[in-house]
A.B. asks: 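This is the structure I have questions about; it appears just below.
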Amino acid sequence: MTPVPLRPDLAAVADAVPEGARVLDIGCGDGQLLAWLRDTKGVEGRGIELDPDDVAAAVGRGLAVVQGDADTDLADYPDAAFDVVILSNTLQAMHRPAAVLAQLVRIGRSAVVSFPNFGHWRVRLSLSLGGRMPVTRSLPVSWHETPNIHFCTIADFEALAVEMGLTVERRAGLSSGRQVALWPNLLADTGVFVLRR
Amino acid sequence: MDERFGLDRRVTLPGDFPLAGGGVLPELTIAYETYGTLNAAGSNAILICHALTLDQYVASAHPRTGKPGWWTRLVGPGQPVDPEHWFVICANVLGGCMGSTGPTSTDPRTGQPYAMDFPVITIADMVEAQARLLDHLGVGTLAAVIGGSMGGMQALTWAVKHPARVKKVVAIATAARHSAQNIAFHEVGRQAIMADPMWAGGAYAADRPPAAGLAVARMAAHITYLSEEGLTEKFGRRLQDRDAVSFGFDADFQVESYLRYQGLSFVERFDANSYLYITRAMDYFDLAEPHGGSLARAFAGVQSRFCLVSFTSDWLYPTAESRRIVRALNAAGAPVSFVELESPFGHDAFLLDAPEMNRVIRGFLTA
């Protein structure tokens, strides 16, 4: 069985996961990334997901997924329980992003975090010229319906990592899934960071 | 092996059966049902563990009530536990009253029923009795142990006591210990039975049981299996066969009539002393206690994959208890899945139509 190709932002996250690693995917949805990592990289994966339908779907894929909330439940996991902890496209929906980040690097030897870049030129354009909160490809929901309550730019995230004393092992800006070499904070719609305590 | 459904099987295993509480039974009889066939590799056996007042008739008609099996929504053709693929075993628990050794059994040493001379048993003793049955059936490893409520306690105990024998554990609407509230409700039931003069210190004749006491015990317990929301929806303040309250103590309200019926019909199929012993076994249940109170340590040696399911309106074994188990399994590094399902039906939800639960269990078993 050939695994289904991953969404571009997930592919960038998956690149940062070594073969055979113990992985915790927080906000794992229906388990697409975890199943892919298991089938192609022999990863031993676990997941946390808020939505019960998604949990049911992930369990149906043979994954070990626990219904839970990253804002509250991460404290239950022991230190360094995983090689890699993944938080893909979820940080902006957390009530306490910094506290969640601290948990990530405690539970995992490394943490892979991806998030929509609020510094992307489309967002800036929408705000500066349109005067409206952006509704873009990577931020498709209007402000009053979005679960995303803590937006940041790639530069903001970098600053937070420094403030928290975290080591940034790798950083990448993606535009439509492709690496952006120049001015990522302006040209990338997604930021992907690999962090370590 | 006879492949027909059910068949009301029974086996007496000779030799002492030592109990966790220090007692010894001189012999052990286990009444059980099986469905499907054990494959040549012996890799398709699933043990179903039943709840407090249920029995081995998980997917076959109850011999006394004629009602269909209690979990045909999960076990049967086309269901997640399909006897076409799985060899399904369900045994009446030790201490039960549907054929397995319990207080109604005859003590071979005296020729009299054990009654209150029956030793106090534990959930772990129930599991050991099941293990002996599996030895007898030639089942080495279980593909899965599945149980809800007290059945879930047995399933968890299986993983702890026989880690190499259990591949997967499904524990539904359950807890790793009995809470003060759980014990309190059981004590109300036991006191109702023992306050009935017909109980006679447990030495009642089979045809003269403490019916009133047992019925009250069942009424109290039955409330804990439902939810306020469910009761309100089902009965509200509606009156039973009348247009106005009687200003008396008849069952004016539908909910009273319903509970009285539940109590009376329970007496037809359950033994009062069995109820005392099994509720006690549940009250003594605390997986963490032998491990210095650490549930994670209790799970330290497990080798199974786990799937836990809870229901939003279950206040008997609420979601918090399942989460406690999930936390401990995570700390022990065991693979665990957990989902809390929406239901208005309280603890009983696991026995009712629960397509989401079936979906999760089907996925967990086949993956």
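Lettering follows sequence order; numbering is per chain, from 1.
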A.B. asks: Answer with side chain, backbone, both or neither: which region of A:Ala58 has an atom nearer than 4.5 Å to a non-hydrogen atom of chain B?
C.D. replies: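 Neither part.
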A.B. asks: Any chance CD of B:Gln303 has more than 12 other-residue heavy atoms, nucleotides or ligands included, within less than 6.0 Å?
C.D. replies: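 Atom CD in B:Gln303 is packed in, count exceeds 12.
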A.B. asks: Could you look at A:Asp73 and say if it's the side chain, the backbone, both or neither that has a heavy atom under 4.5 Å from chain B?
C.D. replies: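 For A:Asp73, the side chain is the part near chain B, not the backbone.
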A.B. asks: What part of A:Val66 gets closer than 4.5 Å to chain B, counting heavy atoms only: side chain, backbone, both or neither?
C.D. replies: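 Contact with chain B: backbone and side chain both.
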A.B. asks: By a 4.5 Å heavy-atom criterion (distance strictly below it), what part of B:Val360 contacts chain A: side chain, backbone, both, or neither?
C.D. replies: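 It is both, since atoms from each part get that close.
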A.B. asks: Where does B:Ala332 contact chain A at under 4.5 Å (heavy atoms): side chain, backbone, both or neither?
C.D. replies: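 Contact with chain A involves no heavy atom of B:Ala332 at all.
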A.B. asks: With a 4.5 angstrom heavy-atom cut-off, is it the side chain or the backbone of A:Pro52 that approaches chain B, or both, or neither?
C.D. replies: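 Looking at A:Pro52, backbone and side chain both touch chain B.
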A.B. asks: Assess whether a salt bridge exists between B:Arg323 and A:Asp76, defined as any Lys/Arg side-chain N lying under 4.0 Å from an Asp/Glu carboxylate O.
C.D. replies: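 No, no charged N to carboxylate O under 4.0 Å.
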A.B. asks: If only atom types and distance count, is the side chain of A:Gln67 paired as donor or acceptor with the main-chain N or O of B:Phe338 below 3.5 Å?
C.D. replies: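 Flag not set: sc A:Gln67 to bb B:Phe338 has no pair under 3.5 Å.
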A.B. asks: Answer yes or no: does atom NZ of A:Lys41 have more than 12 heavy-atom neighbours from other residues, nucleotides or ligands under 6.0 Å?
C.D. replies: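 Check passes, neighbour count above 12.
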A.B. asks: Checking heavy atoms, do the side chain of A:Arg46, its backbone, both or neither come under 4.5 Å from chain B?
C.D. replies: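 The answer is the side chain of A:Arg46.
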A.B. asks: Under a 4.5 Å heavy-atom cutoff, which of B:Gly333, B:Ser337, B:Gly363, B:Ala331 has the most pairs with chain A?
C.D. replies: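 Maximum pair count with chain A is reached by B:Ser337.
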A.B. asks: Tell me, for A:Ala56 versus chain B, whether the close heavy atoms (under 4.5 Å) come from the side chain, the backbone, both or neither.
C.D. replies: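 Contact with chain B is through both the backbone and side chain of A:Ala56.
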A.B. asks: Tell me, for B:Arg359 versus chain A, whether the close heavy atoms (under 4.5 Å) come from the side chain, the backbone, both or neither.
C.D. replies: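 The side chain, not the backbone.
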